[in-house]
Structures are given as structure tokens and as C-alpha cells.
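Residue numbers begin at 1 in each chain, while the letters A, B, ... track the order of the sequences. Only this structure's heavy atoms are used, side chains among them; waters, hydrogens and symmetry mates stay out.
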Protein chains: 2
Amino acid sequence: MQILEVAISLFAKQGFSGTTTKRIAEAAGVSEATVFKHFATKVELYHAILDLKACEGGMKTLPWEDPKIQDAIERSDDFEVFFTLAKVALENQQEDIDFMKLLFHSAFEKHELADMFFAGFVSQIYEFMGSYIRRRQKEGAMRSVDPKLAMRAFMGMLIHHSMNNILWDQGRRILDISNEEAADEFASILLNGIKR
Amino acid sequence: MQILEVAISLFAKQGFSGTTTKRIAEAAGVSEATVFKHFATKVELYHAILDLKACEGGMKTLPWEDPKIQDAIERSDDFEVFFTLAKVALENQQEDIDFMKLLFHSAFEKHELADMFFAGFVSQIYEFMGSYIRRRQKEGAMRSVDPKLAMRAFMGMLIHHSMNNILWDQGRRILDISNEEAADEFASILLNGIKR
DNA sequence: GTCTATAAATAGATAGAC
DNA sequence: GTCTATCTATTTATAGAC
């Protein structure tokens, strides 16, 4: 629906309280009354967005559903595992910049989207990749390091890089690099960093 | 001043448009009129905060002013350089959580604080540490990797870790680790990751 | 389903007394 | 320096016609 689309983009740009129903209506090309016919309150509209994005958007691409990663895990091809994870993550994040922004706003404003995202997606990645690292440690391929901390370091590289691209880099040309190159380098740094 | 203090904390929690002058006045224990006597407009109050925090807070601790880091750089003690940088950054960030939050809000809302911070602090770190990495590459101690990308990876670990601590971890006990341990591990990962 | 018109509440900001 | 009272514009939300 047109209203939802423009609302997503406006909430992403300016947060919840920074976005007026008037601007949403204008951007959607309808009257404010029409907005309130579809969504009884502004909060209800916001919730509709969260529901939509939480299901359709950020959460569906669980890394272990990617056949490339599953295959690489079976073969214990560390580089392929982390490189592919990084590439998929960077591409998803850049594809849905609005969702990323919404997510950060939610985290700051303590909306429940942040909690849902944390419980449903972030913590699963920590669990899943953490157990892979633990296995490779037992096999002697990786040195002794807290798998959760290693994953935090890796996720930090990915998320921070995306955030920089989203918030700063466009137009500023600080670091002009493809997702493929970035994924390659981040995976190399982490794996050399934690290998035995 | 009491008004500034509570305004910082409220703007950090809810952003600029999410914070009303009424709530600021209440929290400061004065009337709204008093707020407007001190700061002609809400925007002016916000600017006063930015000026204050930009000078007193986040910007003053330039890493190359730390004697420990200067010394370590002269001795080419890579671990000491990056470990100390990480420790100082993590401690500063945790000390001034409100400033961090304000900074992120600013970045999203496209206020000028974000630009100031970027131009005055972030880009200097990239320059400074980038040139250190370049020197160590020439000396054969580090492999060929874009110094800016390496720094982005490292800053990503630090900022992401802080963000997680600030936004999620308190109470959730996902990753209970001291700044010292985290700094140690992040420096190890980066340096092993990019060494020759 | 959508609009015009309008209500009700809240926002930022000012006047003027103490 | 601070307060009470008030103003104006904006914001969320509703009523009712088409």
C-alpha cells in the first residue's frame, strides 16, 4: 500500500516523532483523513510497519538457509563460510537501508522491533556461528577465543561498514569499495585473527 | 547548568523532535518560561549542547595525545598501539553514553553535530592510524591491505561492541566482558588479521 | 474509499508580574 | 532569574458529505 511505503521511508529518515501524519499523507498523495481511515492512530501505522518489515524484511534471510554456507560449513571451508556470510549481510543491509535505519531508531526509542530483531535474528546468528567456531576450535583450526566475542568483532565490521556507507559515505567518497572486496577483507582479517 | 544536563539526557534518549521543552523544564525542575529565558529557542538549546559536548566531551581525547600511544608508536609496538587505542575508546564511549546516543541521533536526523564529529574526529583517526599502518606495511610488518578498510574493521569492532553494551547487554548478560579483555582480543584479531 | 472541515490536544514561544 | 498566564501554530484525530 502506498501509505505504508512512504511511511517506512519517512520514519526511517526522521524517526517516529520527527514524522508527521500530514507529511505522510502528502507524500502518499492522499488526505490525512484517509491515513486515519486505514490506521486508527499514528502508533498503529508504526506497528503495521514493524510487523511488515519484521516478517518480510530483515529476518527471512537466515544465514544457515543459504546453501552455499551450509555446504561450506560441511566442508569446514572457513573462508567460504565467513566470506559468504559477510557478502550476504552487506548486500541485505544495503538493499534495505530503510529497515536498518528503522531498526536503529527502534533501538534508541526502545520500541519492541528492536527486541524482536534481537531475539529472533541477532541472537540466532551468535548461537549458530558461535557453535561453528567452537567446533573448529576443538578441531584445532582456531585458537582459544570466546566465540561470542569473535562474532561480535565480525558483526561489528559488517554493521559498522554498512552504517558508514548509509550515513556518511555516499557523496563523501571516504572508502569506495565493493561489498565483495569488503567481505573478502573482513573475512580474511577475522580468520587470520583467530586461527591457531 | 541543570537545564543543559537534563536536556542532554533527554535528547539522548528520545532525539530532538521526540523531546519537548515541557519535559525538559519538568525534569530540570523549572518552568518552560525559564528554559526559554536561557535559550531563546529549542534549537539554540540543542546547539549549546553540541558545542559543550563537542569540546568537552567526545573530541578532546585524540588518541595521539595519549603518551602511552605516542610512545608505543615510536617503538613500533603494534599491540600496545592498538590495545591502548581500543581501551581508551571503549572507556570513553562507556563514560559518555549520552554523547554516543546523541551522536547517533544526529547522524540519523542529519544535524550538523554528525558532520562536525566526522570531520573533526573520525576522519583524523582514519588519517592518523592509516598512516601508521602504511608505515608498518612499508617496513614489512603488515601485509598489503587498504589501511582505511583495516581501520574501519577495527573501529567497527569497538563501536559495535559499545553500542551493544549500551543498547542491549545491560541486564541481558549476552557478553559479560571487561573493556580490558575486549580491547585485548580486538587488537589481537586485527593485528593477526593484517600482519605479514 | 476519499475528501473538506473541524475539533482537541500539544508544541514552541512570549508578556509581564514578582 | 523565575513564575503564571497566555498566544499561535502545529499535530493528532474525528465528523460527516460525496
**OP:** Indicate the ring-plane relationship of A:Tyr46 and A:Phe16, choosing parallel, tilted or perpendicular according to the 30° and 60° boundaries.
**Re:** perpendicular
Original post:
So A:His161 and A:Phe186, would you call those rings parallel, tilted or perpendicular, with 30° and 60° as cut-offs?
Top reply: perpendicular
**OP:** Using a heavy-atom cut-off of under 4.0 Å over every strand shown, decide if A:Lys42 touches base, sugar-phosphate, or nothing.
**Re:** sugar-phosphate
Original post:
Which part of the nucleic acid, if any, lies within contact of B:Thr19, taking any heavy atom under 4.0 Å across all strands shown: a base, the sugar-phosphate backbone alone, or nothing?
Top reply: sugar-phosphate
Subject >> B:Thr21 side chain, from C-beta outward: closest of C:dG16, D:dT4, C:dG12 >> reply: C:dG12
Subject >> Whichever of A:Lys37 and A:Lys22 has its nearest DNA chain D nucleotide further upstream toward 5' >> reply: A:Lys22
**OP:** Between A:Glu32 and B:Glu32, name the one whose nearest nucleotide on DNA chain D is closer to the 5' end.
**Re:** B:Glu32
Original post:
Do the side-chain N or O atoms of B:Thr34 get closer than 4.0 angstrom to the phosphate oxygens (OP1, OP2) of D:dG1?
Top reply: no
Subject >> Residue-phosphate contact under 4.0 Å: B:Ser31 side-chain N/O, D:dC3 OP1/OP2 >> reply: yes
Separation of [N] [atom2] from [X] [atom1] (nearest whole Å):
X: A:Ile24; N: D:dA13; atom1: CD1; atom2: P; value: 11 Å
X: A:Arg23; N: D:dT12; atom1: CZ; atom2: C1'; value: 16 Å
X: A:Phe39; N: C:dG1; atom1: CZ; atom2: C1'; value: 14 Å
X: B:Glu26; N: C:dG12; atom1: CD; atom2: P; value: 12 Å
X: A:Phe36; N: C:dA7; atom1: CZ; atom2: C1'; value: 13 Å
X: B:Glu44; N: C:dA13; atom1: CD; atom2: C1'; value: 13 Å

Subject >> Shared hydrophobic cluster for B:Met142 and B:Val145 (ILVMFWY, side-chain gaps under 4.5 Å) >> reply: yes
Original post:
So do A:Phe11 and A:Asp98 actually touch side chain to side chain, heavy atoms under 4.5 Å?
Top reply: no
